[in-house]
There are 2 protein chains.
Amino acid sequence: LVAAGLNTASNRTRGDTLSDDLIITYRVRATADEITRRVEGLLLEQTVELPRSAIHDAFVRGNIVGSVVGIEQLAEASYRVQLAQPAVTTASEPAQLLNVLFGNSSLQPDIELDDVTIPAQLEAIFGGPRFGIVGLRKLTDVEQRALTCAALKPMGLNAPQLAELCHSFALAGIDVIKDDHGLADHEFAPFAERVVACQRAVARAAQTTGRHAHYVPNLIGAPFELKRQLAFAQKNGVSAVMLSPMLVGLPSFYEIVRKSDVPVLAHPAFAGAQRISPVALLGKLFPLFGADAVIFPSYGGRFSYSELTCCQLATTLREPQTGHSAALPIPAGGIRTDRVKELLGTYGNDVMLLVGTSLLHEPSKILERSRHFVEQVAVHSAQA
Amino acid sequence: LVAAGLNTASNRTRGDTLSDDLIITYRVRATADEITRRVEGLLLEQTVELPRSAIHDAFVRGNIVGSVVGIEQLAEASYRVQLAQPAVTTASEPAQLLNVLFGNSSLQPDIELDDVTIPAQLEAIFGGPRFGIVGLRKLTDVEQRALTCAALKPMGLNAPQLAELCHSFALAGIDVIKDDHGLADHEFAPFAERVVACQRAVARAAQTTGRHAHYVPNLIGAPFELKRQLAFAQKNGVSAVMLSPMLVGLPSFYEIVRKSDVPVLAHPAFAGAQRISPVALLGKLFPLFGADAVIFPSYGGRFSYSELTCCQLATTLREPQTGHSAALPIPAGGIRTDRVKELLGTYGNDVMLLVGTSLLHEPSKILERSRHFVEQVAVHSAQA
């Protein structure tokens with residue numbers, strides 16, 4: 001599909017961009033003397049892995065070797081470089097896409113992946129979020145205000161204990177109650193037992209409140225295990241699931257999304273070690289591969305993203321420049337209830353606020369604190 | 001299995017190490033005033049994700065919360081920190097193991113993962129290399145000398161062209177001929193066509209030389225695609241395969257290794273972006289999950305590892321401190337034939353030298369240059 005209209009010229013010229021090229025932006029550390037040679041090396045490293053002088057085939061020169069779109073100096077020995085790489089090099093496949101973006105160049109510390117624009121044809125093949133913001137608002141029956149989310153933890157509680165916690169959050173009116181991303185198929189809280197118990201807990205709370213909270217189990221493991229967990233969760237009526245794409249591997253995440261009938265939340269664990277900008281990785285690649293909602297460490301918590309990065313990330317998720325659906329931003333990572341007003345001021349209503357630890361400090365006050373969180377979100381969501 | 005003998009004490013004390021703990025070493029940037037608090041945060045972040053004051057359950061305190069083994073100051077505001085985390089937290093599962101090692105902490109730039117020691121019980125579950133050095137020497141029928149390897153590239157050649165190149169390398173006497181890691185199931189050189197053509201090429205060369213070279217296809221894709229490629233390759237008599245664990249995802253890599261009847265080579269693409277030491281990631285985790293041989297960018301080429309890092313990596317692969325088999329180091333990344341003597345001096349004979357680009361510069365000289373490479377390795381391998 002992507003290969004339609006292959007370029008038959010024997011050599012692409014600098015700046016020549018086909019409509020189906022990937023546009024990839026890197027930050028490159030190099031001196032003014034080195035930069036041209038360095039960019040040529042980067043361009044070739046990601047696909048042919050040969051110097052131009054060793055490429056003798058006309059098809060390869062015309063259709064596989066990309067081109068340099070632009071080189072912009074940012075500071076002394078620092079450049080922003082845009083490359084165009086033919087979409088056909090990706091084989092329309094997630095692992096190979098990552099390879100073309102940042103395979104070998106990830107091993108070169110003078111290079112950082114800064115941004116990526118996926119051509120429409122390739123975007124259509126990957127598909128993007130299947131539910132996105134619209135689907136998650138429909139699922140939770142929340143039209144206008146920001147959504148609320150709490151996390152089941154710590155690891156080590158057994159399934160009845162986690163279900164009890166889940167019941168408290170649901171009673172308090174929290175919309176989405178997710179497993180902590182470290183809850184695996186542990187022997188002290190097996191996946192199947194946990195899912196059944198938590199599903200019962202939200203159903204029981206709904207009899208009291210008249211409103212249905214959504215329990216979101218964490219799927220984690222090798223691909224076969226993920227499939228097994230997804231099937232079990234769906235059979236037991238779960239209405240959304242969560243995975244950490246970088247822990248399970250982005251291509252494995254992509255495959256599970258394609259198999260899932262329910263929305264998929266993405267968690268950023270293991271994603272920060274990449275020398276890739278958060279906007280490119282969490283803001284573009286996660287939804288490209290199907291994340292309907294993306295959890296990220298918000299500014300002011302115990303992680304390092306700046307307020308600017310967080311705003312750019314939320315905007316990128318909500319306003320994709322390509323055709324795919326908007327994904328829901330989920331700021332998290334040490335958010336306290338007393339920051340609800342400030343955070344809704346920053347992010348607006350199209351957001352799901354995830355408050356974890358601060359609801360859990362005193363076991364006797366979990367319900368009370370959760371209710372306060374829910375009220376704060378209702379009060380401080382902007383009115384239409 | 002791993003959970004046998006759970007600690008029933010309600011609190012573990014600092015420095016208390018169970019035989020089945022993971023020992024994990026991090027580099028931490030912090031001031032002397034901050035370091036104790038920072039290490040406490042790191043310890044809890046990787047499992048319970050709650051401050052100690054919010055953990056009220058005796059089982060969690062006794063069996064899930066790890067302990068600090070040691071804190072050593074390296075320089076101003078720089079520390080080496082050893083933590084013991086209970087093996088049971090990993091659920092004996094590759095994705096969750098990564099999560100405990102470097103899940104959320106990967107999002108904190110003051111932390112680097114430096115080293116890991118896996119307890120014997122967990123090591124036994126993961127299994128390590130199934131063939132390793134011994135199996136690869138048996139497969140290639142090379143008892144003493146270093147092994148030789150060449151790469152099929154560039155991406156964009158069609159299957160007959162790649163097979164022709166493969167034939168030349170095989171005629172020259174090269175032991176292992178691998179796909180470049182960027183060769184996917186591209187429409188211009190489909191996986192199936194490439195495998196059949198290259199298998200025929202090595203068989204044809206064997207009729208001339210009387211010696212069998214081994215063609216190693218690159219498997220790349222989402223899990224279902226990997227399974228399909230592996231099955232096709234094995235059905236067509238392929239005797240080893242290659243994957244990039246970080247591109248496909250380590251848990252997916254692990255699953256394919258378990259399904260494979262043949263040795264598996266690991267490629268480092270996308271692995272350099274991790275803030276994880278090469279010795280820990282390529283030297284320990286890749287073989288833990290089953291890599292029989294590990295390709296890495298050697299010093300003096302176009303990548304950045306130092307000679308010291310490369311030697312440590314090779315030693316770690318060949319001399320695992322746990323019970324698993326030795327894996328074969330494959331130095332690569334811009335190695336020229338005129339460096340064979342030097343590199344065999346550095347690495348010794350238990351190595352497979354991968355020479356890529358420098359064999360390919362002049363199409364008319366590929367056979368000649370490949371023969372020269374093979375001769376150099378024979379001449380400069382240490383004699384018993």
Side-chain angles (χ1 to χ4, degrees), chain A residues 3 47-51 53-57 59-60 63-64 89 91 93-96 98-99 102-104 106-109 153-157 180 182 184-187 220-224 247-252 254-255 268-276 297 303-304 357 360-361 363, chain B residues 3 47-51 53-57 59-60 63-64 89 91 93-96 98-99 102-104 106-109 153-157 180 182 184-187 220-224 247-252 254-255 268-276 297 303-304 357 360-361 363:
Chain A
T47 55
V48 289
E49 259 199 273
L50 278 179
S53 60
I55 304 171
H56 307 286
D57 186 88
F59 177 85
V60 176
N63 297 282
I64 304 298
T89 60
E93 197 284 308
Q96 178 62 12
L98 294 177
N99 197 15
F102 205 46
N104 272 6
S106 82
L107 296 156
Q108 299 174 320
K153 58 183 177 180
M155 176 198 300
L157 296 186
D180 198 23
D185 193 12
H186 288 114
E187 56 184 29
I220 187 165
F224 179 81
L247 285 178
V248 301
L250 277 164
S252 187
Y254 171 74
E255 190 173 285
F270 206 55
Q274 308 294 333
R275 212 165 53 251
I276 307 178
F303 295 90
S304 63
T357 301
L360 296 171
H361 270 285
Chain B
T47 56
V48 289
E49 259 200 273
L50 279 178
S53 60
I55 304 172
H56 307 285
D57 187 88
F59 177 85
V60 176
N63 296 283
I64 304 299
T89 60
E93 197 284 308
Q96 177 63 11
L98 294 178
N99 197 15
F102 205 47
N104 271 6
S106 82
L107 296 156
Q108 299 174 320
K153 58 183 176 180
M155 177 198 299
L157 295 187
D180 198 24
D185 193 12
H186 287 114
E187 55 185 28
I220 188 165
F224 179 81
L247 285 178
V248 302
L250 277 164
S252 186
Y254 171 74
E255 190 172 285
F270 205 54
Q274 308 295 333
R275 211 166 53 251
I276 307 177
F303 296 90
S304 62
T357 302
L360 297 170
H361 270 284

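Bear in mind the structure is a predicted one, so any value in this text is a computation, not a measurement. What you see below is based on every heavy atom in this structure, not just the backbone, and it leaves out hydrogens, waters and symmetry mates. Throughout, protein chains are lettered first and strands after them, A, B, ... in sequence-line order, and every chain is numbered starting at 1.
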Pairing residues for A:Pro363 by the side chain to side chain contact (heavy atoms under 4.5 Å, CB included) criterion, not counting sequence neighbours = B:His56

task = Report the option among A:Pro51, A:Ala184, A:Gly249, A:Gly221 that has the most heavy-atom pairs separated by less than 4.5 Å from atoms of chain B.
result = A:Gly221

note = Heaviest contributor of heavy-atom pairs below 4.5 Å to chain B, chosen from A:Ser53, A:Pro154, A:Gly182, A:Pro223, is A:Pro223

remark   = Closest non-hydrogen contact found for B:Phe59 with A:Gly156 is CD2-O, 3.3 Å

query = So which of B:Leu157, B:Leu50, B:Thr47, B:Val248 has the largest heavy-atom pair count under 4.5 angstrom toward chain A?
reply = B:Leu50

Taking every non-hydrogen atom, the tightest pair across A:Glu255 and B:Ala222 = OE1-CB, 3.5 Å

Selection from A:Ile55, A:Asp185, A:Thr89 maximising heavy-atom pairs under 4.5 Å formed with chain B = A:Thr89

request  = Output all residues satisfying side chain to side chain donor-acceptor pair (under 3.5 Å) with B:Asp180, sequence neighbours left out; order by chain, then residue number.
outcome  = none

